[in-house]
Amino acid sequence: MKVWQKPGFWLPLVIVLVWGGAVLLIHQDTMRESAFVLLMAVGLASSLNILLGYTGYVSFGHIVFFGLGGYTGFYLLSEQGWPLFASAIGGGLLSAFIAGLVGLAVLRLRGAYFALATIGINEAARAFVSNFEPYGGATGMFVNFSAYQKYGGPGPALWTTFTFLWITTMVVLVASYLVKHSRFGLGLLAIREDEDAAMVMGVKAPKAKTITYVISAFFPGVIGTLYFFKNGNIEPGDAFQLHMSIEMLVMVMLGGMGTVMGPLVGAVGYQWLRGYLLTSPIFKDLHLAVAGAMLLVIILFVPAGLVGWVRNHVQRLQKVLE
Amino acid sequence: MKRFGVGFVFVIALSFIVASLSAPPGATAAAKTVKPAAAAAAKTVTIGFTASKTGKFNVEATRQINGLHLWMEQVNGAGGIKLADGTVIKVADKFYDDESKKERVQELYTKLINTDKADFLISPYSSGLTDASAVIAQQYNRIMITAGAASDSTYKKGYTLVYQSYTPASRYLTGAVDILLKLAPKAKKIAIIHENDKFATDVVKALKIYAEKKGLNVALFEGYDSGTADFAPFINKIPADVDAIMGGGHFADTTTLARQLYEKKINTKMIALLVAPPEPKFAELGDACISVVGSSQWEPLAHFTKESAAKEGITWFGPTGEEFINAYKAKYKEDPSYHSAGGYVAGMILQDAIMKAGSTDTAKVKAALDAMNIMTFYGQLKFATGPKDHGLQLGHDMVYIQWQKDKQGKAMKQVVWPLAGATASAFVCPAR
Amino acid sequence: MILQVYDLTKRFGGLQALSDVTFDLHTGEILGLIGPNGAGKTTLFNVINGVYTPERGRVSFRGEDITGLPSYDVARLGLARTHQVVRPLHELTVRENVMVGACYGREKHSLKEARRLADGSLDKVGLLDRGDQPSGSLNVSQKKRLELARALAARPYLLLLDEVLAGLNPSEIASMMDTVRAIREDGISILMIEHVMQAIMSISDRILVLDYGTLIATGAPEEVANNPQVIEAYLGDPNMTARLLAE
Ligand SMILES: Nc1ncnc2c1ncn2[C@@H]1O[C@H](COP(=O)(O)OP(=O)(O)OP(=O)(O)O)[C@@H](O)[C@H]1O
Ligand SMILES: [Mg+2]
């Protein structure tokens, strides 16, 4: 069976394809903005899941790759005049490169120690960028409003950014599936279950973990560039926010870590709920409490995440929800 | 490892709930939408914005919104804005919580414009959030009055519809140089110690340029990380003969800096710091606060009157300072801060522009804003109109206060600059 | 000579877990490793396959010095092992567990071939019908056989078996013994740790006895069983002495 014949592969992809396609067709700005927030969450959560879900390493400070990549992409775009697409790729590559550099060292640590080290990396990156003059130091950088003119004005520029994000999200999902269902991915799952036993069976854990770290760092860099271009400016305070890191983890766990569909479901569910509560006339003063309570319920009663729960309880859906 | 994760999300969930329960009750109480009284011939314009009802900007943003709501209530209570052609304009508002975070600001402003049909926009609190919202305002051809967005860069991006009500960061502390040169005309050397964040860095970069232009030598220019609590390494670097120490950042760090300067018996002619000095809580420093100079967007003590406006040949608009303070106190049972005044003034700017334009049409109101030059209880308001810095506030100036001792020896704030609004004259920092 | 161990020494803090252990393992041989609890048998496995680095000594495998190589490199050279305390990859299915062995073992198979090979290994240990079950749901004896299947799927030259018979009932022991013999028939050399004396005595070509980290006897099963030093070493363990003498 070819890969595209497997529902576990195409189902998440078709969902995002149809969803983004519909937004582009209907061409309504409010819809685009909501979809942007959701797709960005899906992309970030899925990237994190490639590391968290497949190797079991809890990267607490994963947002550092969003921030560093975003900064680099933004720099290439605003200071060097690169086109958006190339800048985003540049941002992604920088993130991947940094992950490769620090990966070998921090991935020696396990459990909470690794999580703490990743927070340290995030804070170090923030401190570095705050003092790095080419990136604007503490005041950051901004693009002139006229930069959007290149893309036909601000409206079309936002649509272009959305389209790039949409494509990126689909690429993340494809990467997530391919990693999981490859020989390489099997080694990762073995590491997740028992790293020492995996090594005894021949899995080169240090190398495999570093490669995974690199992959899961690349996409946040791309997404960061798109996000900050859309916002028009970037500063250290926005680029390295730990709470976004935490939300990425929450979304992965809500949906079900280690599945391709999980981060999609978790991210859309979580962000949609937050957005709904934020603007709902009934809940808008209580949105944090309601979101927190729902999270608690799910963690207490569905620890495998929504997709994990369905997979465990409905045999027939196991092949559909990878 | 999985168990570690689950336990962790559990903690996050709990902290959400705790965070929301511990949000100040005022935040929600004051957030009720103000509805205009129904009037037959009235046209209603909707003012849209996001408010940081939760998160780190909660306090400042709440005051800003309180100010704006007071303005709305007064406008609608007076029967609305009456235009030359007889139309009466009532104002309504629509707002969402942005959680003090940038992520959803663009989404929410897009919704405000497209779904809620907002005619005019007010910015969120803080430059960071305002930057994100300004892209949207400009894209949909909506006028946005900013409050609490001091950063100059926002107005240098080529926007044509974004107007600043605050004095920009680049002029936040420059008056301190003028005060110094007045107090000690022979002053030569200053030291600048500042928080290494966007706001403080913006301020001190401009301060340095201004000080050097005035012939001062900036002998020390050092940034400290946000959250620093021990300033000894920085204080030790201050040359013995500096004439002034300037800088700071936000409330907590600046207060600590002031205290440690006092404890280390640093002698200098003047200490001028950001943000903290205007706050009443600064008095808790005791003797350490005496003689410290600070700048504020507005002070209840400041005296901008119809008479002073007339003297300068500028039209007066809106209530007097006293009227504003009394109305605010009556409605919210607390003293207004400059954030409150900022919110109120953002509304007044719109009101004046709509009246002068005689219309709510964006192009016409924009023309009125470009031409605006008025005096209010908050100070003068006038915007840059050139292509490089359109919308930047030109008229308004910071008010400088200095902590002095009253007759009983109690610390109290006095306005010392600009001289027109001064309630006392500045004095040189006594030997410590 | 498939494995040569020379002067191997391993310390854990103050504890001398292995001192100057030296022995050879001939190609095609089944070499038994016995000794009282805590003698250092498992530690010897761990040092041979690279889980621990020895303080001193040398291990050479098929003529190549593998001392201090990480365990995954040792595995790829064709040395597989099972664990005394089973370590299944819980959330993976039984088949996937075995596929890891096949993918990352000596022959580095692709997923597709690995699946085929895994089924072969599972068949050998009698777990084929459980292939799709999560490995965490197996019972102890099945988990032991899974350990073995995983190691076999790696197509090793040498297999280290750490107490694969422990906790099995007599009929399970008999079938496991047949499996081990069949493995040897396939040309795989075996080094096995065992406490079940009858079994190890009957299956091994030669036996090593380890006591307090020191090799105290080497030789054919009967020789070792009658060695007074060995009997004494086991005196601390009355059960073991009884079993040795019952031989
Ligand atoms: N990682 C370790 N750290 C410290 N001490 C250890 C470690 N591993 C084993 N030991 C100690 O080394 C000694 C030998 O242990 P080992 O597990 O090799 O014994 P064994 O011969 O396999 O015993 P058993 O028959 O009970 O399995 C024991 O005293 C044990 O406590
Ligand atoms: Mg053992």
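Lettering follows sequence order; numbering is per chain, from 1.
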Is it the case that over 12 heavy atoms from other parts of the model lie below 6.0 angstrom from the CZ atom of Phe97(A)? no
Contacts of Arg11(C) meeting side-chain hydrogen bond (donor to acceptor under 3.5 Å, both in side chains) (sequence neighbours excluded), chain-then-number -> Gln16(C)
To check you understand the geometry: which heavy-atom pair defines the closest contact between Val203(A) and Arg76(C), and what is its length? CA-NH2, 4.4 Å
More than 12 non-hydrogen atoms from neighbouring residues, nucleotides or ligands closer than 6.0 Å to OH on Tyr113(A), yes or no? no
Using only non-hydrogen atoms and a strict under-4.5 angstrom cutoff, which residues of residues 117-143 of chain C touch chain A? none
So does Arg155(C) have more than 12 non-hydrogen atoms from other groups sitting under 6.0 Å from CZ? no
Can you tell me if Phe184(A) has over 12 outside heavy atoms packed within less than 6.0 Å of its CZ? yes
Arg108(A) CZ: over 12 foreign heavy atoms closer than 6.0 Å: no
CD (Glu147(C)) and CE (Met201(A)) are apart, to the nearest 0.5 Å, by 7.5 Å
At their closest point, which heavy atom of Asp73(C) faces which heavy atom of Lys204(A), and how far apart are they? OD1-CE, 3.5 Å
Against chain A, label His90(C) side chain, backbone, both or neither, depending on which of its atoms sit under 4.5 Å from a heavy atom there. both
Taking heavy atoms only and a threshold strictly under 4.5 Å, list by residue number the residues of residues 97-109 of chain C that touch chain A; give 'none' if the list is empty. Asn97(C), Met99(C), Val100(C), Gly101(C), Cys103(C), Tyr104(C), Gly105(C), Lys108(C), His109(C)
Beyond-backbone contact of Leu189(A) with Glu96(C), side-chain heavy atoms, under 4.5 angstrom: no
Which region of Arg150(C), side chain (C-beta onward) or backbone (N, CA, C, O), has a non-hydrogen atom less than 4.5 Å from a non-hydrogen atom of chain A, or is it both or neither? side chain
Student check: side-chain heavy atoms of Val200(A) and Val51(C) closer than 4.5 Å: yes
Can you pull out the residues in residues 205-215 of chain A with any heavy atom less than 4.5 Å from chain C? Ala205(A), Pro206(A)
Just checking Arg58(C): does its CZ atom have more than 12 heavy atoms from other residues, nucleotides or ligands closer to it than 6.0 angstrom? no
